[in-house]
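Bear in mind the structure is a predicted one, so any value in this text is a computation, not a measurement. Within every chain, numbering begins at 1; the chains are lettered A, B, ... in the order of the sequence lines, protein sequences first and strands thereafter.
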2 protein chains.
Amino acid sequence: MEVKVACITQTSEEKIKEAAKAIFLKKGYAGTTARDIAEAANMNIALTNYYFRSKEKLFLEIFKDLFNYYCQNTLRIFQKPIGIREKLIELIEEDFRVMKAEPNLVLFLMKEIQRDPEQLPPELSKFKELLHGTLTSQIKEEVKNGRMRDIGADHLIPLIMGSLQFIFVGKNMNMKLYNTTEDEFNDFAECHKNLIISMITEYLFTPTTAS
Amino acid sequence: MEVKVACITQTSEEKIKEAAKAIFLKKGYAGTTARDIAEAANMNIALTNYYFRSKEKLFLEIFKDLFNYYCQNTLRIFQKPIGIREKLIELIEEDFRVMKAEPNLVLFLMKEIQRDPEQLPPELSKFKELLHGTLTSQIKEEVKNGRMRDIGADHLIPLIMGSLQFIFVGKNMNMKLYNTTEDEFNDFAECHKNLIISMITEYLFTPTTAS
DNA sequence: AGTATTTTTAAACAATTGTTTAAACCATTT
DNA sequence: AAATGGTTTAAACAATTGTTTAAAAATACT
């Protein structure tokens with residue numbers, strides 16, 4: 001009884017949610033209409049409010065999903081029992097993967113958080129905790145042992161994230177400006193990522209040969 | 001005759017434009033209504049279309065202004081007859097000033113360009129030219145003389161801009177997350193800016209003492 | 001098969017959107 | 001004082017917005 005019904009239900013529900021996710025990501029909350037979503041999902045307009053109670057409820061569900069998707073792997077890497085150098089490199093690589101898979105994600109999240117900062121999910125608190133807990137102490141120890149330059153985690157992470165994500169935030173501008181294809185942009189992005197890894201590691205970690 | 005009339009005209013027109021600029025910056029094109037603008041400007045709704053022909057025309061005018069405002073100083077610094085090191089520092093300092101004065105500017109521009117990449121003004125082409133002309137040749141020469149690390153201008157500029165602007169793009173998130181005041185955020189941002197200057201200069205420019 | 005429940009549909013809802021109208025207003029000129 | 005011009009207003013416009021309704025279709029259950 002429940003199995004089949006649930007399956008069919010989830011199929012239509014998921015169709016709408018997927019279509020909504022794609023459109024919200026591209027156009028944002030204000031720029032998306034309920035009919036846009038229904039049309040993209042090939043479903044009747046009324047179904048949007050049948051499964052999700054309102055446009056806002058649907059949006060909040062998707063926003064939360066996307067926010068978690070973005071944080072999930074970062075938080076996991078934060079807690080990994082590996083050296084800070086390897087951790088930072090993994091963070092960059094993982095972030096790059098996410099950005100490549102969903103280039104509009106960061107711009108979407110930033111815009112919607114700016115629109116309504118109150119909707120920030122509690123997951124962000126964990127981010128904050130790990131930033132000031134695990135990561136900060138790990139950096140402090142490395143600095144103490146003279147293997148790393150002194151830098152606050154609350155500066156380091158935005159610095160890394162920013163320099164990497166900026167080219168994705170401005171992807172449309174770049175592609176339009178340089179008339180590049182999707183593949184060419186990805187090559188450029190990959191090159192940029194590697195450059196950031198080089199810079200971060202070479203700048204932060206003093207080669208133990210000299211001095 | 002013309003003087004007074006023109007003055008009054010411009011006063012009302014400018015009132016609307018200023019109010020529209022503030023709201024567009026905060027809420028974006030899709031999130032802004034004509035009545036929002038009229039109310040903020042304390043003017044009748046019809047005046048928006050009386051002075052500017054439509055919401056879109058008004059937006060395009062403001063967008064162009066803001067885009068130029070953002071590029072203007074950057075382009076000027078690009079062409080300055082100073083060393084590349086000083087030039088980069090000036091770029092960061094100037095960018096920081098602009099971001100501090102209008103924290104929503106970059107997020108606004110990025111979002112609106114993503115919404116409609118076709119509206120990109122021709123000013124961006126000049127940006128591209130200078131990036132691949134003046135700046136690239138200046139870097140190449142410095143690299144040739146062994147005074148600077150080899151890095152493409154098309155990677156260096158986004159790297160600098162990104163790491164600096166990211167904290168402003170995520171300003172609302174940061175302030176909400178850390179429960180900071182406007183002043184505290186500005187202190188954090190200033191600290192971040194100085195850190196970026198240190199990193200960029202120390203990483204890029206090899207101290208001529210060693211080797 | 002027949003009933004009950006869930007899902008889907010077309011149509012309409014009230015509210016809001018950008019925009020326009022036509023009259024009133026006001027300063028200036030005749 | 002009358003008329004002219006640009007300016008401002010209240011009111012309405014048609015179109016679109018998110019949402020709801022009530023009937024139809026499809027599915028599950030007895």
A:Arg149 NZ/CZ over A:Tyr203 ring centroid, <6.0 Å and within 45° of normal: yes
Regarding A:Lys87 and A:Gln138, is there a side-chain donor-to-acceptor distance under 3.5 Å anywhere? yes
Can you tell me how far C1' of C:dC25 sits from CE of B:Met43, to the nearest Å? 14 Å
In whole angstroms, the gap separating C1' of D:dT19 from CD1 of A:Ile16 amounts to 14 Å
In this structure, how many angstroms lie between the C1' atom of D:dT19 and the NZ atom of A:Lys57, rounded? 13 Å
Taking the side chain of A:Ala34 as its heavy atoms from C-beta onward, which of D:dT19, C:dT9, C:dG18 lies nearest to it? D:dT19
Closest-nucleotide mapping onto DNA chain D: is A:Arg53 or A:Asp36 further toward the 5' terminus? I mean the 5' end. A:Asp36
Nucleotide nearest A:Ser54 when distance is taken to its side chain, options D:dG18, C:dT9, D:dT19: D:dT19
Candidates C:dT19, D:dG18, D:dT20 - which lies nearest the side chain of B:Arg35: C:dT19
Nearest listed nucleotide, side chain of A:Ala46, among C:dT8, D:dG18, C:dA10: C:dA10
Taking atom P of D:dT8 as reference, at what distance in whole Å does atom CD of B:Glu13 sit? 10 Å
A:Arg115 charged N/C atom sitting above A:Phe59 aromatic ring, 6.0 Å / 45°: yes
B:Glu39 has an atom CD; how far is it from atom P of C:dT17, in whole Å? 11 Å
Which class fits the ring pair A:Phe185 and A:Phe168: parallel under 30°, tilted 30 to 60°, perpendicular over 60°? perpendicular
What nucleotide among C:dT8, D:dA10, D:dT19 has an atom nearest to a side-chain atom of A:Tyr51? C:dT8
What is the distance, rounded to the nearest whole Å, between atom OH of A:Tyr29 and atom C1' of D:dT17? 11 Å
Can we say A:Glu18 and A:Lys21 salt-bridge, meaning some charged N sits less than 4.0 Å from an Asp/Glu carboxylate O? no
B:Asn44 has an atom CG; how far is it from atom P of C:dT21, in whole Å? 15 Å
Side-chain contact check for A:Ile45: nearest option of D:dT19, C:dT19, C:dA10 is D:dT19
Side chain of B:Lys55: nearest nucleotide among C:dT8, C:dT19, D:dT9? C:dT19
In whole angstroms, how far is the P atom of D:dT16 from the NZ atom of A:Lys27? 14 Å
Can you tell me which nucleotide in D:dT8, D:dT19, D:dT9 comes closest to the side chain of B:Ser12? D:dT8
Walking DNA chain C from its 5' end, the first of B:Thr33 and B:Tyr50 to be reached, judged by nearest nucleotide, is B:Thr33
